[in-house]
There are 2 protein chains.
Amino acid sequence: MQAADIDGFFADIRQLAAEDYLLLEYYFECSGEPEQAAAHLCSEQSTAQWKRVDVDEDYRPRHAAKVVDLCVESQLKTPSYALDPPVGGPVHACRARIAHPHRNFGPRLPNLISAVLGEGAYFAPGIPIVKLLDIAFPASFLAHFQGPGFGVVGLRELLQVQDRPLLFGVIKPNIGLHPEPFAELAHEAWLGGLDIAKDDEMLADVDWSPLARRAELLGAARRRAEAATGMPKMYLANITDEVDRLVELHDQAVARGANAVMINALPVGLSAVRMLRRHAQVPLVAHFPFIAACSRLPNYGVHSRVFTKLQRLAGFDVVIMPGFGDRMMTSEAEVLENISACLDPGFGDIAPCLPVPGGSDSAATLEAVYRKIGHVDFGFVPGRGVFSHPMGPRGGAASLCQAWQAIQAGVPVAEHARQCPELRAALATFGKPG
Amino acid sequence: MQAADIDGFFADIRQLAAEDYLLLEYYFECSGEPEQAAAHLCSEQSTAQWKRVDVDEDYRPRHAAKVVDLCVESQLKTPSYALDPPVGGPVHACRARIAHPHRNFGPRLPNLISAVLGEGAYFAPGIPIVKLLDIAFPASFLAHFQGPGFGVVGLRELLQVQDRPLLFGVIKPNIGLHPEPFAELAHEAWLGGLDIAKDDEMLADVDWSPLARRAELLGAARRRAEAATGMPKMYLANITDEVDRLVELHDQAVARGANAVMINALPVGLSAVRMLRRHAQVPLVAHFPFIAACSRLPNYGVHSRVFTKLQRLAGFDVVIMPGFGDRMMTSEAEVLENISACLDPGFGDIAPCLPVPGGSDSAATLEAVYRKIGHVDFGFVPGRGVFSHPMGPRGGAASLCQAWQAIQAGVPVAEHARQCPELRAALATFGKPG
């Protein structure tokens with residue numbers, strides 16, 4: 001690109017019509033001049049060749065992505081990561097804010113993903129290391145999406161639970177157990193105080209546990225638990241499957257007694273979820289397989305909050321995400337950013353969805369999770385913390401409720417455990433309150 | 001996990017029924033004992049909790065993923081990549097081959113992806129750094145998939161081209177140009193000798209270039225070019241869009257004159273492609289947005305050949321992939337591995353698909369690409385190399401044909417250029433033969 005060409009990919013943000021552009025924030029490392037690299041990043045994701053040969057025209061003013069802010073943060077002796085083929089140093093570590101005209105593709109998730117995470121982002125000349133850190137949408141773009149059909153408010157209404165976190169539990173053993181004992185485990189957990197008993201994200205419509213049979217038995221168990229406790233309960237069925245079965249499996253599961261469905265968002269595809277959203281009668285819950293494959297490294301790939309925003313846009317009412325604690329290898333800041341992305345009121349008319357930060361939780365970790373989040377609008381999702389509890393799932397669920405009672409009363413959880421055998425057993429098994 | 005528990009996640013591969021298992025190869029770095037880490041990697045992706053409390057049962061023999069080979073390659077002072085939260089060293093760098101029982105989820109792409117690239121892979125305790133390097137499927141699993149409907153043989157029949165690479169060209173300018181001049185550019189390129197004129201992967205069904213109108217004009221131009229040259233030609237329309245529009249857009253494009261369709265594989269979702277495959281009347285072509293977000297780093301994420309195999313399985317007839325040359329930041333070995341993954345005859349009854357390694361190609365790079373690949377079963381896909389040629393797209397396409405004539409005749413391309421103005425102009429504009 002010639003020096004004169006670079007100017008066509010820079011703009012003063014005050015001169016742009018905000019409603020026409022997505023705002024993207026990229027971190028990148030470049031070998032050459034940062035201005036040239038940033039211009040390439042814009043060019044490759046939009047008007048790579050902006051005119052015909054021998055025709056006096058320029059598609060950049062209307063269609064080019066444009067750098068609206070460029071900050072050279074530092075110079076590094078070598079790129080953050082060794083690559084193959086190798087890239088030598090020094091490199092400039094930069095942040096660029098880019099205004100990308102959504103008229104180039106319209107309100108379509110696959111085309112949006114192609115634009116901001118495609119060849120343009122990862123193969124811009126001179127930029128071997130790049131991470132999409134954040135994305136922001138104007139209201140005019142958001143207006144094309146339905147977003148969550150229930151959201152936090154709707155879920156709370158369905159469950160008649162206000163003023164506390166929603167208690168999920170992943171029914172275990174997750175693989176191999178037949179529907180009859182599987183339903184019994186869920187039933188016990190509901191009786192113990194669980195709100196939502198859920199399938200593991202790896203449990204599909206398989207011959208040893210067909211979804212229809214599972215939903216029938218879990219639905220019946222749920223209704224028995226509702227009658228016994230006087231509280232609404234939820235069976236969250238995993239309907240992750242091939243795209244052309246999603247609607248059928250949703251209908252099958254809901255007709256038989258599931259009252260929420262889970263979809264592994266990226267493996268199924270966000271666009272397929274948007275399709276299901278138009279049809280869905282019950283809350284849609286996202287699970288996070290595959291996201292970490294591109295989000296873990298601080299300086300390469302894509303920040304997980306981008307996917308959280310896209311999941312909310314696609315219509316998920318609940319987003320299960322890697323949570324706190326060593327096991328989940330995610331920084332506290334990143335977990336909190338993802339929680340904010342679910343709840344942020346500044347997302348057009350798209351309702352907030354419920355964040356569920358998960359990973360090796362139990363009654364022992366509830367208080368720490370609550371203190372970090374700072375409010376009750378989240379879901380708490382133990383697996384073994386409920387279903388490996390030494391007193392069984394009923395005891396495991398009860399231990400969560402007891403931990404919450406202590407937190408509400410301002411009593412240390414360990415102290416409250418003295419008068420609660422289930423909580424005492426949970427702390428003895430799963431560790432001291434974190 | 002206790003020492004006694006680890007054994008349940010190891011097996012002698014000779015004792016396993018090969019047809020029941022996928023074979024996975026992971027690279028990983030672990031802080032603790034490699035055996036324990038590898039057992040966790042298996043446990044988390046299959047039977048995380050393999051028994052109920054107080055029930056004498058064990059789901060591992062039937063449902064556990066099992067380490068069949070573990071090699072500790074080296075000890076590193078620190079992990080390959082700095083992480084947040086930080087992980088200290090030393091770590092063991094290991095390779096594990098894992099047999100994963102596909103009965104856990106069945107022949108379903110989203111569930112397969114969830115199993116091998118999900119929480120189990122990226123959140124196994126003690127394994128902060130992990131990359132899925134390869135995947136192999138038994139014939140019994142492959143038999144559930146249709147694979148390519150045309151494949152290399154079918155494409156060659158449609159185009160009546162044998163014994164040479166297929167010549168693609170990405171019509172440029174890709175964004176902003178109206179259908180009328182767009183069709184004219186393609187027409188010129190076909191007259192110059194191009195086989196397949198294609199939409200850029202960023203060109204969708206947009207108001208300034210509606211797919212229906214584009215397909216109509218390109219279809220008419222294609223038929224004129226076929227009449228003029230006596231050769232079949234192909235217009236490859238990008239139908240990347242929301243999942244519930246894929247079939248409709250396929251039908252619309254094909255009815256009006258497109259005779260192949262392109263889908264950005266990961267942004268749309270492989271399962272949606274499998275759905276479209278059941279319906280498709282024309283070859284399906286994959287483009288590669290998003291894959292590099294998780295495949296570029298040598299030691300983290302997923303190797304791109306895994307996606308190449310999954311794209312072939314989903315039913316793509318053509319896989320466009322990052323090719324040779326500095327621009328594409330991909331090692332020669334990786335490009336060749338992806339080409340092999342398309343053509344490998346040992347993929348059950350799934351037909352080979354055509355590999356199209358792309359990136360800043362032109363008549364100047366054709367010979368080098370051909371020499372590296374070593375045979376003619378590939379597609380060559382310049383963009384600017386055809387559509388920014390100083391003599392226009394007709395000259396650009398002619399320059400490719402002339403370069404191929406030289407290669408066929410055993411004459412140096414630069415020497416042949418002396419008698420071919422189009423080739424001479426291409427070399428002058430795009431560089432010397434690589």
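Just so we're on the same page: letters track the sequence lines, and every chain starts at 1. Keep in mind that the numbers below use all heavy atoms, side chains included, and drop hydrogens, waters and symmetry copies.
- At a 4.5 Å heavy-atom cutoff, the contact between B/Ile127 and chain A is made by backbone atoms alone.
- Per-residue counts of heavy-atom pairs under 4.5 Å with chain A were compared for B/Ala292, B/Gly126, B/Ala272; the largest is that of B/Ala292.
- The contact between A/Arg384 and chain B is made by backbone and side chain atoms together, counting heavy-atom distances below 4.5 Å.
- At a 4.5 Å heavy-atom cutoff, the contact between B/Ser114 and chain A is made by backbone and side-chain atoms alike.
- Taking each heavy atom of B/Met202 and A/Phe105 in turn, the nearest pair found is CE-CD2, 4.1 Å.
- The two residues A/Asn174 and B/Ala48 have their closest heavy-atom pair at OD1-N, 3.8 Å.
- By number of non-hydrogen pairs under 4.5 angstrom with chain A, the leading residue of B/Val130, B/Asp244, B/Ile113 is B/Asp244.
- Per-residue counts of heavy-atom pairs under 4.5 Å with chain A were compared for B/Thr47, B/Leu117, B/Asp241; the largest is that of B/Asp241.
- When A/Ala204, A/Pro85, A/Gly301 are compared by the number of non-hydrogen pairs under 4.5 Å with chain B, A/Pro85 comes out ahead.
- For the residue pair B/Thr240 / A/Asn111, no side-chain donor-acceptor distance below 3.5 Å is found, with atom types taken as modelled.
- Neither the backbone nor the side chain of B/Leu203 comes within contact range of chain A; no heavy atom of the residue lies under 4.5 Å from a heavy atom of that chain.
- Checking side-chain atoms of B/Ser271 against main-chain N and O of A/Val243 turns up a donor-acceptor pair under 3.5 Å.
- With a threshold of 4.5 angstrom between heavy atoms, A/Tyr300 approaches chain B through side-chain atoms but not through N, CA, C or O.
- For the set A/Ile291, A/Asn238, A/Asp84, A/Val268, the entry with the most heavy-atom pairs within less than 4.5 Å of chain B is A/Asp84.
- The CD atom of B/Gln45 sits 11.0 Å away from atom CD1 of A/Ile175, with the distance rounded to the nearest 0.5 Å.
- Only the backbone of B/Ala82 has a heavy atom closer than 4.5 Å to any heavy atom of chain A.
- Nearest approach of B/Ala293 to A/Cys294, heavy atoms of both residues: O-CB, 3.4 Å.
- Neither the backbone nor the side chain of B/Ala64 comes within less than 4.5 Å of any heavy atom of chain A.
- A/Glu119 has its side chain within reach of B/Glu201: a pair of non-hydrogen atoms, C-beta onward, lies under 4.5 Å apart.
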Derivation of the ring-ring contact (aromatic ring centres under 6.0 Å, His included) call for B/Phe288 and A/Phe123 = CA-CA 11 Å; B/Phe288 59 79; A/Phe123 297 93; 5.6 Å; yes
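- Of the possible donor and acceptor atoms, one in the side chain of A/Arg296 sits under 3.5 Å from a partner among the backbone N and O of B/Tyr122.
- If you measure heavy-atom distances from B/Asp205 to chain A, the contacts under 4.5 Å come from both the backbone and the side chain.
- Within the 4.5 angstrom heavy-atom criterion, only backbone atoms of B/Pro107 (N, CA, C, O) approach chain A.
- Smallest separation of non-hydrogen atoms from A/Pro390 and B/Val53: O-CG1, 4.0 Å.
- Residue B/Glu184 does not touch chain A at all, counting heavy-atom pairs closer than 4.5 Å.
- Contact annotation for B/Lys172: both backbone and side-chain heavy atoms come within less than 4.5 Å of a heavy atom of chain A.
- Side chains of A/Asn104 and B/Val206 form no contact here, defined as non-hydrogen atoms less than 4.5 Å apart.
- With chain A as partner, the option from B/Gly120, B/Pro181, B/Gly392 having the largest number of non-hydrogen pairs under 4.5 angstrom is B/Pro181.
- Taking the side chain as every heavy atom from C-beta outward, B/Arg52 and A/Leu185 approach each other to under 4.5 Å.
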Audit row: B/Glu242, A/Arg278, salt bridge (Lys or Arg N to Asp or Glu O under 4.0 Å) steps and yes/no = CA-CA 13 Å; B/Glu242 298 290 1; A/Arg278 294 205 183 90; over 6 Å; no
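- Residues B/Gly176 and A/Tyr59 approach most closely at O-CE2, 3.3 Å, considering heavy atoms.
- The choice from B/Lys131, B/His287, B/Arg274 that makes the most heavy-atom pairs within less than 4.5 Å of chain A is B/Arg274.
- Only the backbone of B/His389 comes within contact range of chain A, with at least one heavy atom under 4.5 Å from a heavy atom of that chain.
- Residue with the most contacts toward chain B among A/Glu334, A/Met329, A/Met391: A/Met329 (heavy-atom pairs, distance under 4.5 Å).
- In terms of non-hydrogen atom pairs under 4.5 Å with chain B, the most contact-rich of A/Arg245, A/Met275, A/His63 is A/His63.
- Between chain B and the options A/Ser80, A/Pro289, A/Gly118, A/Ser46, the largest number of non-hydrogen pairs under 4.5 Å is found for A/Pro289.
- The structure places CD of B/Gln49 at 11.5 Å from CD1 of A/Ile171, a figure rounded to the nearest 0.5 Å.
- Contact annotation for B/Asn264: only side-chain heavy atoms (C-beta onward) come within less than 4.5 Å of a heavy atom of chain A.
- The candidate from A/Gly269, A/Gly106, A/Pro267 with the greatest count of non-hydrogen atom pairs under 4.5 Å with chain B is A/Pro267.
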